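All of these numbers come straight from a predicted model, not from anything done at the bench. Within every chain, numbering begins at 1; the chains are lettered A, B, ... in the order of the sequence lines, protein sequences first and strands thereafter. Below, all heavy atoms of this structure are taken into account, side chains as well, without hydrogens, waters or symmetry copies.
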Amino acid sequence: MLQDSFATRLVAWQKQHGRHDLPWQVSDPYRVWLSEIMLQQTQVTAVLEYYARFLLRFPDVASLAAASVDEVLALWSGLGYYSRARNLHKAAVMVVDEFGGHFPVQREALQRLPGVGRSTAAAIASFAFAQRETILDGNVKRVLTRCFGIAGFPGEKAVEKQLWALAEALLPADSSQMTAYTQGLMDLGATVCGRKPACTVCPMVDGCVAARQGRTHELPTPRPKKAVPTRHTVMLLAQHGDRIWLERRPPSGIWGGLLSLPEFADSMALEAWFARQGSGDVLPSWPELEHVFTHYRLIITPVPARLDTLAATGVQESAGQWIPLQQALEAGLPAPVKRLLQRLLA
DNA sequence: AATACGGGGAG
DNA sequence: CTCCCAGTATT
């Protein structure tokens, strides 16, 4: 595959066959940035609703910077990878305070914003500012490893380095084509060069190593399999009137910064904690709830309880709060916790 | 170089 | 069920 031919073909293909109706296909760097953050390890269909709702509440970087991180997390609830939301807010404040409300144009400067790595910075720089910078996301890795026959798991350092160099070398000479080119990389990977590649309609097929050698199914080299451990936790659904007891999770770690139910290693620890909060009854446990993460499997035992009278001391010292159930459902909550609270309504 | 970090869509 | 998604930050 000739290097100049790649960009030329891709741009032509994108203009005729690529996607043109995605809501973030605009030149406003704020909207591009927001979409890129939401789309990190997250599929387009999952992002669409969140993106629309988010823009309605925060139409520009100034409104986002002026908001509380809690409100940002609430709008992010269910999307996952919550450090993205915390970094998003932090970055908005940076743009307002350090750049006068304007996003920097250079990829390297964009990359200093929290949550913006090289690929995201390149996406913003190319889409919003027509900079000659290459992205390297899952789509591009799929296209390049197949097109150029590059074996080895792309998460591996050496392979990744090779892919960045190749992606840079393939950039079109004319920066005015960067929007169509970058979009073309994503569109080709998303609509043609996917799990089951549609090589017959691919603009690169005659130069594609994987297509020629019948190796599209084995490229890119899949991630090495690893056994995922199982962890257990007991979650307390403590109700007091129409309120539920929730605690703020630490900023780092799983579900960082979100409100969540208090957790215990076992039911004995739960009973002991509950007894200190006042008088009431611990009810029979609900059926276990399984929640699967990328790196482990969590088995949740939900334990409902009713607190009739609060103890004079004890409650205040902890990091939690009694929140009306309806209001709690609007806060930033982990997906399984939200499910449990919804179940409490019925 | 490895690991942590969510949730869901697609086959 | 398995794989992996418009990746980044931390260790």
Look at all strands and tell whether [X] reaches a base, only sugar-phosphate, or nothing, counting heavy atoms closer than 4.0 Å.
| X | value |
| --- | --- |
| A:Trp24 | base |
| A:Leu79 | base |
| A:Gly253 | sugar-phosphate |
| A:Ile254 | sugar-phosphate |
| A:Phe293 | sugar-phosphate |
| A:Ile124 | nothing |
| A:Gly78 | sugar-phosphate |

Figure out the [atom1]/[atom2] separation between [X] and [N], and round it to whole Å.
| X | N | atom1 | atom2 | result |
| --- | --- | --- | --- | --- |
| A:Gln41 | B:dG9 | CD | C1' | 14 Å |
| A:Phe153 | B:dT3 | CZ | C1' | 12 Å |
| A:Met186 | C:dC5 | CE | P | 13 Å |
| A:Arg297 | B:dA4 | CZ | C1' | 19 Å |
| A:Gln43 | B:dG11 | CD | C1' | 12 Å |
| A:His295 | C:dC4 | NE2 | P | 18 Å |
| A:Tyr181 | C:dA6 | OH | P | 17 Å |
| A:Leu48 | C:dC5 | CG | P | 18 Å |

If you measure from the P atom in B:dA4 to the same atom in C:dA6, how many Å do you get, rounded?
24 Å
Which value, in whole Å, describes the distance between the P atoms of nucleotides B:dG6 and C:dT10?
14 Å
To the side chain of [X], which of [options] is closest?
| X | options | answer |
| --- | --- | --- |
| A:His291 | B:dC5, B:dG7, C:dC4 | B:dG7 |
| A:Asn139 | C:dA6, B:dG6, C:dC3 | C:dA6 |
| A:Val44 | B:dG6, B:dA4, C:dA6 | C:dA6 |
| A:Thr45 | B:dG9, C:dC4, B:dG7 | B:dG9 |

If we ignore angles and hydrogens, is there a donor and acceptor under 3.5 Å between the side chains of A:Asp70 and A:Ser68?
no
Residues A:Thr216 and A:Arg146: side-chain donor-acceptor under 3.5 angstrom:
no
Side-chain N,O ([X]) to OP1/OP2 ([N]) below 4.0 Å:
| X | N | answer |
| --- | --- | --- |
| A:Lys141 | C:dG7 | no |
| A:Trp76 | B:dG7 | no |
| A:Tyr82 | B:dG7 | yes |
| A:Arg142 | C:dC5 | yes |
| A:Lys225 | C:dC3 | yes |
| A:Arg195 | C:dC4 | yes |

Group every Ile, Leu, Val, Met, Phe, Trp and Tyr by side-chain heavy-atom contacts under 4.5 Å, then state whether A:Ile244 and A:Trp286 land in the same group.
yes
According to a hydrophobic-cluster definition based on side-chain heavy atoms being under 4.5 Å apart (Ile, Leu, Val, Met, Phe, Trp, Tyr only), do A:Ile135 and A:Leu144 belong together?
yes
Is there a residue in residues 335-346 of chain A whose heavy atoms reach under 4.0 Å of DNA chain B, and which residues are they?
A:Ala335, A:Pro336, A:Arg339
Other residues, nucleotides, ligands: >12 heavy atoms within 6.0 Å of A:Lys338 NZ:
yes
Short N-O contact, A:Asp281 and A:Arg306, less than 4.0 angstrom
no
Pick the nucleotide of DNA chain B nearest each of A:Gly256 and A:Arg223; which residue has the one closer to the 5' end?
A:Arg223
Per nearest nucleotide of DNA chain B, the residue lying toward the 5' end, A:Ser252 or A:Lys196, is A:Ser252
Consider side-chain contact (heavy atoms from CB on, under 4.5 Å). Of A:Val234, A:Leu340, A:Leu333, which one does A:Leu261 pass it with?
A:Leu340
Apply side-chain hydrogen bond (donor to acceptor under 3.5 Å, both in side chains) to the pair A:Arg297 and A:Thr230, showing each step before the final yes or no.
CA-CA 5 Å; A:Arg297 196 163 71 97; A:Thr230 299; 3.2 Å; yes
Taking the six-membered ring for Trp and the full ring for Phe, Tyr or His, determine whether the centres of A:Phe293 and A:Trp255 are under 6.0 Å apart.
yes
Do the ring planes of A:Phe54 and A:Trp76 sit parallel (below 30°), tilted (30 to 60°) or perpendicular (above 60°)?
perpendicular
Treating A:Arg107 as the side-chain partner and A:Ala125 as the backbone partner, does any N or O pair qualify as donor plus acceptor under 3.5 Å?
no
If only atom types and distance count, is the side chain of A:His240 paired as donor or acceptor with the main-chain N or O of A:Leu307 below 3.5 Å?
yes
Please write out the pairs of protein N or O atoms and N or O atoms of nucleotides 8-10 of chain C separated by less than 3.5 Å, giving the distance to one decimal.
{"unit_1": "C:dT8", "atom_1": "OP1", "unit_2": "A:Gly117", "atom_2": "N", "d": "2.8"}
{"unit_1": "C:dT8", "atom_1": "OP1", "unit_2": "A:Gly117", "atom_2": "O", "d": "3.3"}
{"unit_1": "C:dT8", "atom_1": "OP1", "unit_2": "A:Thr120", "atom_2": "N", "d": "3.0"}
{"unit_1": "C:dT8", "atom_1": "OP1", "unit_2": "A:Thr120", "atom_2": "OG1", "d": "2.8"}
{"unit_1": "C:dA9", "atom_1": "OP1", "unit_2": "A:Gly115", "atom_2": "N", "d": "2.6"}

With a 3.5 Å cut-off and just heavy-atom distances, do the side chain of A:Thr42 and the base of B:dG6 make a donor-acceptor pair?
yes
